[in-house]
Amino acid sequence: MQQISGSFRKVFGSKSKSGKSETVFKVGEMGTLKIPDVVPSPEQDSESLNKAFQGLGTDEEGIIWVLGHRNAEQRRKIRDTYRQVYIKSLIDALHSELSGDFRKAVILWTYDPAERDARLANEALKTKRKGIKQLQVIVEIACAFSSQHLVAVREAYCSRFDCSLEEDIGVNITLPLRKILVGLVSSFRYDKEVVDMDVAKLEADRLHEAIKTRQLDDDDVVYILSTRNVCQLRTTFECYKQKYGNPIDQDIKDCGKGDLESLLKIVVWCIDSPEKHFAEVIRTSILGLGTDEDSLTRAIVMRAEIDMMKVRGEYFNMYKSNLDDAVVGDTSGDYREFLMTLLGARV
């Protein structure tokens, strides 16, 4: 991984589509999203997008060029401005003009992050098959983002679907997974770096006892994992490893191969090292016959503005291969171009 310095990792220069001028890009600390040093106004971006929708064919490259280089706040302003100027929804326009996995990816990226995740959670809960592959998105929302984001997702969920996220989990998911998931999405973790070593040691013992007796949905387990701040939990996991010899996720895995064990392993990873979890999601999405485009898209869209540099580094550490090469090898066309733009590899 490249060394990081200053408020932005690197400033990039690139020619525009026409090749006539140079655009300077900057990338955040651990994200891979490249934003122009001089960002056009929302009115200009809205006009560019509307032009991309005109004529006999859609200018997919133009859409990628604009939306693929704007952060969440800039995309919000574009959505608002587009509706004001053209009296229609940008999301609806994208849905009408695009197709396939490219359309899904661009629309998911264009949504407000809270609405995006509310929709992803609802989709997971309403699908016929509710396995770990589907339910892990709820763990990601609850454990791999800030408490403020989780609250925003819950509010967006209520607004969009006329019921709470907790209610839908209660209706659609059975015990013991329901108990874990409701606990996670109902929490509001303290977001400061505060650690109590005595509590960490005590709760490491409680977690070990639950794992030893295979009571993984014990009230203590749910309470600890759903209420303690991230730094406290990471210290607890370290205390567990020091005292009992194995990482806690390994001991959970050794309890069995059921959905509860799998879900709790994801909880631990999303709390302890979310980059490790998302590296695994990407790897799993491209292994075997066919590509799981939905999972691949979700992982990249969710982390491009947050820690995709870490995900990229963890991917190499875990699998001894390059994440960018893996994505290029398993995708094609405009869909590939868009994902690689979010990964900072296309300008």
Side-chain angles (χ1 to χ4, degrees), residues 72 108 111-192 203 206-207 210 215-234 236-237 248-249 252 258-272 274 277-278 281 294-295 298-299 301-303 306:
L108 202 63
Y111 279 130
D112 174 79
E115 182 177 358
R116 172 200 73 202
D117 289 354
R119 288 175 176 272
L120 287 171
N122 181 261
E123 182 180 320
L125 292 170
K126 298 304 181 182
T127 187
K128 289 183 178 180
R129 174 172 170 76
K130 300 179 183 67
I132 295 304
K133 176 183 172 182
Q134 290 75 34
L135 297 180
Q136 66 180 337
V137 66
I138 299 175
V139 178
E140 292 164 1
I141 294 165
C143 300
F145 290 87
S146 69
S147 294
Q148 289 77 15
H149 179 71
L150 175 57
V151 169
V153 172
R154 290 167 62 187
E155 290 176 348
Y157 199 99
C158 288
S159 176
R160 171 64 54 180
F161 303 110
D162 294 324
C163 70
S164 71
L165 177 55
E166 298 92 320
E167 286 177 293
D168 259 356
I169 292 173
V171 169
N172 292 285
I173 307 300
T174 59
L175 292 171
L177 300 187
R178 179 174 66 201
K179 183 177 180 181
I180 302 294
L181 292 174
V182 169
L184 291 174
V185 303
S186 301
S187 69
F188 186 86
R189 301 181 194 276
Y190 186 61
D191 62 357
K192 305 300 181 183
E203 294 187 342
R206 289 179 176 174
L207 291 171
Q215 299 296 314
L216 298 181
D217 62 338
D218 181 83
D219 288 348
D220 279 347
V221 174
V222 176
Y223 174 78
I224 293 167
L225 294 179
S226 63
T227 62
R228 297 303 187 196
N229 74 69
V230 170
C231 290
Q232 180 71 42
L233 283 169
R234 289 174 178 172
T236 298
F237 298 157
I248 188 171
D249 59 288
I252 291 171
D259 284 349
L260 180 58
E261 291 84 359
S262 298
L263 188 77
L264 284 174
K265 172 252 185 183
I266 295 171
V267 172
V268 170
W269 278 23
C270 283
I271 292 169
D272 198 36
H277 166 73
F278 285 101
V281 171
D294 288 347
S295 294
R298 185 185 82 248
V301 165
M302 276 186 161
R303 308 314 283 189
I306 299 174

(message) Quick one, V137 with M302, criterion side-chain contact (heavy atoms from CB on, under 4.5 Å). Give me CA distance, side-chain angles, the key distance, then yes/no.
(response) CA-CA 10 Å; V137 66; M302 276 186 161; 3.9 Å; yes
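Within the 4.5 Å cutoff, the side chain of L216 has no heavy atoms near those of the I180 side chain. Between L184 and I138 there is no side-chain heavy-atom pair separated by less than 4.5 Å. Here the side chains of L263 and V139 are in contact, with some heavy-atom distance below 4.5 Å. Side-chain atoms of D217 and L175, non-hydrogen and from C-beta on, never get closer than 4.5 Å to each other. K265 places none of its side-chain heavy atoms less than 4.5 Å from the side chain of V268. Looking only at side-chain heavy atoms (C-beta outward), D294 and R298 stay at 4.5 Å or farther from each other. Side-chain contact check for I248 versus I252: some heavy-atom pair is nearer than 4.5 Å.
For the pair R189 and C143, the tightest heavy-atom approach, listed with the atom from each and the gap, is NH2-SG, 3.8 Å. For the pair D259 and I132, the tightest heavy-atom approach, listed with the atom from each and the gap, is O-CD1, 3.3 Å.
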Please table the atom pairs, donor to acceptor, closer than 3.5 Å between any side-chain atom in residues 221-229 and protein atoms at least two apart or in another chain.
residue : atom : partner : partner atom : Å
S226    : OG   : V222    : O            : 2.5
T227    : OG1  : Y223    : O            : 2.5
R228    : NE   : E203    : OE1          : 3.1
R228    : NE   : E203    : OE2          : 3.0
R228    : NH2  : E203    : OE2          : 2.6
N229    : OD1  : C231    : N            : 2.9
N229    : OD1  : Q232    : N            : 2.8
N229    : ND2  : V194    : O            : 3.0

Please set out all donor-acceptor pairs under 3.5 angstrom arising from side-chain atoms of residues 121-131, sequence neighbours excluded.
residue : atom : partner : partner atom : Å
N122    : ND2  : Y157    : OH           : 3.0
K126    : NZ   : D168    : OD1          : 3.4
K130    : NZ   : T127    : O            : 2.8

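D219 is linked by a side-chain contact (heavy atoms from CB on, under 4.5 Å) to K179, counting only residues two or more places apart in sequence or in another chain. By the side-chain contact (heavy atoms from CB on, under 4.5 Å) test, D272 is found to be paired with R234, F237, residues two or more places apart in sequence or in another chain being considered. Q148 is linked by a side-chain contact (heavy atoms from CB on, under 4.5 Å) to S146, F188, D191, counting only residues two or more places apart in sequence or in another chain.
Evaluation of the ring-ring contact (aromatic ring centres under 6.0 Å, His included) test over residues 134-156, restricted to residues two or more places apart or in two chains, returns F145-H149.
Rounding to the nearest 0.5 Å gives a distance of 10.0 Å between CD of E155 and CG of L150. Here the CZ-SG distance, from F278 to C270, works out to 5.5 Å after rounding to the nearest 0.5 Å. Rounded to the nearest 0.5 angstrom, S295 OG and Q136 CD are separated by 6.0 Å. Note that OH of Y111 and CZ of R116 are 12.0 Å apart. Values are rounded to the nearest 0.5 Å. The structure places CG of L260 at 6.0 Å from CG of L177, a figure rounded to the nearest 0.5 Å. Separating the CG atom in L108 from the CD atom in E115 is a distance of 10.5 Å, to the nearest 0.5 Å.
Between the side chain of S186 and the backbone N or O of V182 there is at least one donor-acceptor pair closer than 3.5 Å. Formation of a donor-acceptor pair under 3.5 Å by the R160 side chain with backbone atoms of R119 is not found in this model.
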